[in-house]
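Here the structure is a predicted model, which is why all the values come from computation and not from measurement. Just the heavy atoms: all of them, side chains too, but no hydrogens, waters or symmetry mates, feed the values below.
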Amino acid sequence: MTTSAAEFIALDERWSTHNYHPLPVVIAEADGAWVTDVAGRRYLDFLSAYSALNFGHRHPALIAAVQEQLGRVTLTSRAFHHDQLGAFCRELAELTGTEMVLPMNSGAEAVESALKIARKWAYEVKGVPDGRAEIVVAGSNFHGRTTTIISFSTDETARAGFGPYTPGFTVVKYGDAAALRDAITERTAAVLLEPIQGEAGVLVPPEGYLAEARRLCDEAGTLLIADEIQSGLARTGTLLALEPSGVRADLYTLGKALGGGILPLSAVVGRRDVLGVLKPGEHGSTFGGNPLACAVGRAVIKLLSTGEFQERSVRLGARMHARLGKLVGHGLAEVRGRGLWAGIDITPGGLSGREACEALAAKGLLAKETHGATLRLAPPLVISEADLDRGLDILEEVLAG
């Protein structure tokens, strides 16, 4: 019987495809902001499954929703109606201030769906010649790993070796409004942007950039799609990270935290006249909008509707950023982010990102590197002030050597 961490890791290495390089921690249990490994050692989770665990591990309201729905029905396919779908879509639309919802499963599926919808809208509504629609995207983006999405990635690790690539995309520098303006043409169906780029290292765009993107889209009669899969649902202190810019997108992609850290649930939400271009048979998913996912999604929406988690992100995020800011020049070269989300660059010549994460794990803190010496910090929004400070104390110890 497999019992030790080494045995579990060896089992993974033998039978699981090597498309990840995880830290040597084997988690067996979790609760709130804490996880426990197979040896009984506890760790603070400062990754939150890339924001999928905004409400922490096994939030009681979400577990209760799952248990109740498991006793009723879990899957019907969209061949039939069920009693959770309409309510989920209405509640999510009301929460986000949108008009229509397309439920899917993974975040990548939501982005793929938004791209298909934007192209169909361009042909049927905007009048772009068939097969000529273009979509403008930002460099350093991360929207998923499907063949179409990696076709416009600038990360060669994700992209190289998987061609031929899907055409129809123009890539411009993130945060460069002039480059965005020059890239939009009469054939542009949509501009796809992350309000804050997560995988790139929690990059916050320059002041006014998102508002200018909205203006340029309006001027050109082009859709603006905001990918809020990592940044949305209270992570940055507002329901959607686009809110502080004072603009609205035509379509939003949501995922990760929408499933409560329990199962995959994503959605495209936005304007009825845009999402309404889809007709029966043109798009779908066997599991998309299934009863179990919708029940969990409704419980997530209920949690978000109180504003508690947005407030916690603002308050605890201010505490985290104040402490991280003091480490610039003392192990850190730069700190970025908003709310309870930060990208931190380790001072050149110090630890690599991987080495830092291994050292943090050895002291009981879980985080993940990206692009060399950058770490992403995203504690669950349920974390206590004491546990947040404890995690930051560990980070300070590791950076001090």
Kindly give the heavy-atom pair with the smallest separation between E199 and T370, and that separation in Å. O-OG1, 2.8 Å
Do the charged groups of R181 and E219 touch, with an N to O distance under 4.0 Å? no
Say whether, by atom type as modelled, one donor and one acceptor occur between the side chain of E109 and the main chain of S106 under 3.5 angstrom.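 At least one qualifying donor-acceptor pair exists.
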Interatomic distance, T76 atom OG1 to N290 atom CG [nearest 0.5 angstrom]: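 Atom-to-atom, T76:OG1 and N290:CG are 8.0 Å apart.
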Under the side chain to side chain contact (heavy atoms under 4.5 Å, CB included) rule, what do V277 and I117 come out as? Steps first, then yes or no, please. CA-CA 7 Å; V277 300; I117 291 163; 4.2 Å; yes
Please check if the number of heavy atoms outside R159 that lie under 6.0 Å from its CZ is greater than 12.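 Yes - once you tally the heavy atoms of other residues, nucleotides and ligands closer than 6.0 Å, there are more than 12.
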Can you tell me if NE2 on H81 sees more than 12 non-hydrogen neighbours from other groups inside 6.0 Å?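 Incorrect, the count does not exceed 12.
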Over-ring placement of R376 relative to Y50, 6.0 Å and 45° cut-offs: no
Can you check whether Y43 reaches D37 side chain to side chain, under 4.5 Å on heavy atoms? yes
Counting N and O atoms only, with roles assigned by atom type, does the side chain of D250 sit under 3.5 Å from a partner on the main chain of L224, one being a donor and the other an acceptor?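 Checking the backbone N and O of L224 against the side chain of D250, a donor-acceptor pair under 3.5 Å is found.
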Mind listing the closest non-hydrogen atom pair of G289 and L85 along with its distance? O-CD1, 4.0 Å
Do the non-hydrogen side-chain atoms of L210 and P205 ever get within less than 4.5 Å of each other?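 With C-beta onward as the side chain, the pair touches.
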What orientation do F55 and F309 show, parallel under 30°, tilted 30 to 60°, or perpendicular over 60°?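 Ring orientation, 0 to 90° scale: perpendicular.
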Considering the options R323, R315, R390, R312, which one meets the salt bridge (Lys or Arg N to Asp or Glu O under 4.0 Å) requirement together with E385?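 Looking at R323, R315, R390, R312, the match for E385 under the salt bridge (Lys or Arg N to Asp or Glu O under 4.0 Å) is R315.
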Answer whether the closest heavy-atom distance between the side chains of L377 and L324 falls below 4.5 Å. yes
Taking the side chain as everything from C-beta on, heavy atoms only, tell me whether L251 gets closer than 4.5 Å to W121. no
Whether over 12 other heavy atoms sit under 6.0 Å from F287 CZ: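 No, not enclosed.
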Decide side chain to side chain contact (heavy atoms under 4.5 Å, CB included) for S113 and H283; before the verdict, give the C-alpha distance in whole Å, the side-chain angles of both, and the deciding distance to 0.1 Å. CA-CA 8 Å; S113 300; H283 191 63; 2.7 Å; yes
Roughly how far, to the nearest 0.5 Å, is OH of Y252 from CG of D227?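 With rounding to 0.5 Å, CG (D227) is 12.5 Å from OH (Y252).
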Could you tell me whether the side chain of E134 and the main chain of T170 form a donor-acceptor pair under 3.5 Å?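 Not a single qualifying donor-acceptor pair exists.
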Given K368, which of L375, T374, L360, L47 fulfils the side-chain contact (heavy atoms from CB on, under 4.5 Å) condition?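 Considering L375, T374, L360, L47, a side-chain contact (heavy atoms from CB on, under 4.5 Å) with K368 is found only for L47.
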Atom pair CE/OG1 of M104 and T253 - distance to nearest 0.5 Å: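 Reported to 0.5 Å precision, the distance equals 12.0 Å.
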Would you say T98 and R248 make side-chain contact, with heavy atoms under 4.5 Å?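 Answer yes - side chains close enough.
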For E397, does the CD atom sit with more than 12 other heavy atoms under 6.0 Å from it, leaving out its own atoms? yes
Under 4.0 Å between a Lys/Arg side-chain N and an Asp/Glu carboxylate O for R214 and D218? yes
For the residue pair K326 and H330, what are the closest heavy atoms and their distance? O-CD2, 3.4 Å
Tell me yes or no: between the side chains of S231 and E228, is some donor less than 3.5 Å from an acceptor? yes
Has the side chain of S313 got a donor or acceptor atom that lies under 3.5 Å from a matching backbone atom of Q310?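 Flag not set: sc S313 to bb Q310 has no pair under 3.5 Å.
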Is there side-chain contact between I262 and I63, with at least one heavy-atom pair below 4.5 Å?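 Contact flag for I262/I63 side chains = yes.
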Which heavy-atom pair separates A257 from S51 by the least distance, and what is that distance?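 Heavy atoms only, the tightest pair is CB-O, 3.3 Å.
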Do the ring planes of Y174 and Y209 sit parallel (below 30°), tilted (30 to 60°) or perpendicular (above 60°)? perpendicular
Any donor-acceptor pair under 3.5 Å linking the side chain of R72 with the backbone of P291?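 Not at all, since once roles are kept as given, no pair shorter than 3.5 Å links the two residues.
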For residues A189 and A118, report the shortest heavy-atom separation together with the two atoms involved.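 Taking every non-hydrogen atom into account, CB-O, 3.6 Å.
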Judged by atom type as modelled, is there a donor-acceptor pair below 3.5 Å linking the side chain of S48 to the main-chain atoms of A378?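 Checking the backbone N and O of A378 against the side chain of S48, a donor-acceptor pair under 3.5 Å is found.
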R235 and Q230: side chain donor to acceptor below 3.5 Å: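 No, no side-chain donor-acceptor contact under 3.5 Å.
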So, does N54 use its side chain to make a donor-acceptor pair with the main chain of L233 at under 3.5 Å? yes
Nearest 0.5 angstrom please: T154 OG1 to K173 NZ, how far?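 Between T154 OG1 and K173 NZ, I get 12.0 Å after rounding to 0.5 Å.
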Within the distance-only criterion (no hydrogens, no angle test), does the side chain of R119 pair as donor or acceptor with the backbone N or O of A133 below 3.5 angstrom? no
For the residue pair T222 and K126, confirm or rule out a side-chain donor-acceptor distance under 3.5 Å.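 Looking only at side-chain atoms, K126 and T222 do form a donor-acceptor pair, the distance falling under 3.5 Å.
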Given side chains that start at C-beta, do those of F88 and L258 come closer than 4.5 Å, heavy atoms only?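 Heavy-atom side-chain distance check passes, below 4.5 Å.
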Over 12 non-hydrogen atoms of neighbours within 6.0 angstrom of CD in E156: yes
If you count the non-hydrogen atoms of other residues, nucleotides and ligands that lie under 6.0 Å from CZ in R132, is the total more than 12? no
Test side chain to side chain contact (heavy atoms under 4.5 Å, CB included) on N141 and L192; report intermediate values, then the result. CA-CA 10 Å; N141 68 74; L192 170 64; over 6 Å; no
So L395 and F46, do their side chains get closer than 4.5 Å, heavy atoms only?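 When only atoms from C-beta onward are counted, L395 and F46 do not touch, as no gap falls below 4.5 Å.
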Rounded to the nearest 0.5 Å, what separation is found between the NZ atom of K279 and the CD atom of E124? 5.5 Å
Is there a salt bridge (Lys or Arg N to Asp or Glu O under 4.0 Å) between E358 and R354? Walk through the geometry before answering. CA-CA 6 Å; E358 289 173 346; R354 176 73 181 195; 3.0 Å; yes
Please report the closest heavy-atom contact between A183 and T188, naming both atoms and the distance.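 Looking at all heavy atoms of both residues, the shortest contact is O-OG1, 4.0 Å.
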Treating H143 as the side-chain partner and S153 as the backbone partner, does any N or O pair qualify as donor plus acceptor under 3.5 Å? no
Spacing of I184 atom CD1 and C217 atom SG [to the nearest 0.5 Å]: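 Spacing of CD1 (I184) from SG (C217) equals 5.0 Å.
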For the side chain of H321 and the backbone of W341, is there at least one donor-acceptor N/O pair under 3.5 Å apart? yes
Trace of the side chain to side chain contact (heavy atoms under 4.5 Å, CB included) decision for E308 with L303: CA-CA 8 Å; E308 173 193 353; L303 291 177; 6.0 Å; no
